[in-house]
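Everything numeric here is computed off the predicted structure, so don't read it as measured data. To find a chain, count down the sequence lines: A is the first, B the second, and so on, and within it residues start at 1.
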Amino acid sequence: MSRQLSYHEQVEVFARLRAANPQPKGELEHLNAFTLLVAVALSAQATDASVNKATRDLFPIADTPQKMLAIGEEGLIPYIRTIGLYRNKAKNVIRLSELLVERHGGEVPSSRAALEALPGVGRKTANVVLNMWWGFPSQPVDTHVFRVSNRTGVAMGADVVAVERGLENHVPVEYQQLSHHWLILHGRYTCVARKPKCPTCLIRDLCTFEEKTPE
DNA sequence: ATCCCGAGGG
DNA sequence: CCCTCTGGAT
């Protein structure tokens, strides 16, 4: 079973993850604040590779809310059909574009409340935009961050809000801005959901998580 | 707690 | 076949 890491261990974990990836950028392709917001909203329960494949054709012709509205829901669906949950997402992106024009002059707002008031934008998506675009040290907790945080003991919690609080309290200040990228990359390529690659893990000696299924 | 939902991997 | 993927709304 996992346990909460000490401060010293936290520092060591992030130091190693940073050394392995000094300048993580995130792997969701986008052209500006609007396309970042849309890309993150589209990425719910979908791989970023799947989202990038769709947005590579979509964003060049719809990189502003006004252009997105010009395409419309029926025009948008063909681009994002290969992403899961596309009916809800199409409706949300169009309504979200309308609200950006009506309330925010077509710009992406910088407050959590304004972001979360947009359809299809919840806590996690708002945190990504606040972190990646507006530069706040917010801690988005997605499936990777939740799993990796609990397994490694970087931050433990029964739900995403608890893990988010844990990260805010335990991640050393110098790592807060980029910590979510490191946790995601670690979760995507090493600490994967099904069969974690513990034998080649950079932080194996600091981690108390053990695969239960014997080989 | 349940629904939305296609693609990729094992 | 089953599980997972940078969740959100009801």
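C/dG8 and B/dA7 have their P atoms separated by 22 Å, given to the nearest Å. Separating the P atom of B/dC4 from that of C/dT6 is a span of 22 Å, rounded to the nearest Å.
Both A/Asn92 and A/Leu28 lie close to DNA chain C; mapped to their nearest nucleotides by heavy-atom distance, the more 5′-ward contact belongs to A/Leu28. The 5' end of DNA chain C is approached more closely, in terms of each residue's nearest nucleotide, by A/Ala49 than by the other of A/Pro119 and A/Ala49.
Counting non-hydrogen atoms under 4.0 angstrom, A/Ser50 reaches nothing in the nucleic acid. Contacts of A/Val121 with the nucleic acid, taken as non-hydrogen atoms under 4.0 Å apart, involve only primed sugar atoms and P, OP1 or OP2. The residue A/Ala46 sits close to a base: some heavy atom pair falls under 4.0 Å. Residue contacts for A/Leu118: at a heavy-atom cut-off of 4.0 Å it reaches the sugar-phosphate backbone alone, with no base atom in range.
At least one side-chain heavy atom of A/Arg188 sits under 4.5 Å from a side-chain heavy atom of A/Glu27. Looking only at side-chain heavy atoms (C-beta outward), A/His186 and A/Cys201 come within less than 4.5 Å of each other. Between A/Asn127 and A/Lys124, the closest side-chain pair of non-hydrogen atoms is not below 4.5 Å.
To the nearest 0.5 Å, the span separating OG on A/Ser138 from CD on A/Glu164 amounts to 7.5 Å. For the atom pair CE (A/Met68) and CD (A/Glu98), the distance works out to 12.0 Å, reported to the nearest 0.5 Å.
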Atom pairs under 3.5 Å: protein N/O with N/O of nucleotides 8-10 of chain B:
{"residue": "B/dG9", "atom": "N2", "partner": "A/Arg194", "partner atom": "NH2", "Å": "2.9"}

Give me, pair by pair, the N or O atoms of the protein and of nucleotides 2-5 of chain B that are less than 3.5 Å apart, along with how far apart they are.
{"residue": "B/dC5", "atom": "OP1", "partner": "A/Arg87", "partner atom": "N", "Å": "2.8"}
{"residue": "B/dC5", "atom": "OP1", "partner": "A/Asn88", "partner atom": "N", "Å": "3.3"}
{"residue": "B/dC5", "atom": "OP2", "partner": "A/Arg87", "partner atom": "NE", "Å": "2.8"}
{"residue": "B/dC5", "atom": "OP2", "partner": "A/Arg87", "partner atom": "NH2", "Å": "3.2"}
{"residue": "B/dC5", "atom": "O4'", "partner": "A/Leu85", "partner atom": "N", "Å": "3.0"}
{"residue": "B/dC5", "atom": "O2", "partner": "A/Leu85", "partner atom": "N", "Å": "3.3"}

List, one per line, each side-chain donor-acceptor pair under 3.5 Å for residues 35-45 of chain A, sequence neighbours excluded.
{"residue": "A/Thr35", "atom": "OG1", "partner": "A/Leu31", "partner atom": "N", "Å": "2.7"}
{"residue": "A/Thr35", "atom": "OG1", "partner": "A/Asn32", "partner atom": "N", "Å": "2.8"}
{"residue": "A/Thr35", "atom": "OG1", "partner": "A/Asn32", "partner atom": "O", "Å": "3.1"}
{"residue": "A/Thr35", "atom": "OG1", "partner": "A/Asn32", "partner atom": "OD1", "Å": "2.8"}
{"residue": "A/Ser43", "atom": "OG", "partner": "A/Val40", "partner atom": "O", "Å": "2.7"}

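Judged purely by atom type and a 3.5 angstrom limit, A/Arg151 has no side-chain atom pairing as donor or acceptor with the backbone of A/Phe209.
Annotation for A/Glu107: atom CD does not count as buried by contact number, only 12 or fewer foreign heavy atoms lying within 6.0 Å. Within 6.0 Å of CD in A/Gln23 there are 12 or fewer heavy atoms belonging to other residues, nucleotides or ligands.
Among residues two or more places apart in sequence or in another chain, the ring pair (Phe, Tyr, Trp, His ring centres under 6.0 Å) test is passed with A/Tyr86 by none.
Of all nucleotides in DNA chain C, those with any atom nearer than 4.0 Å to a heavy atom of chain A start and finish, going 5' to 3', at C/dC2 to C/dA9.
Through chains of ILVMFWY side-chain contacts below 4.5 Å, A/Tyr189 is grouped with A/Leu185.
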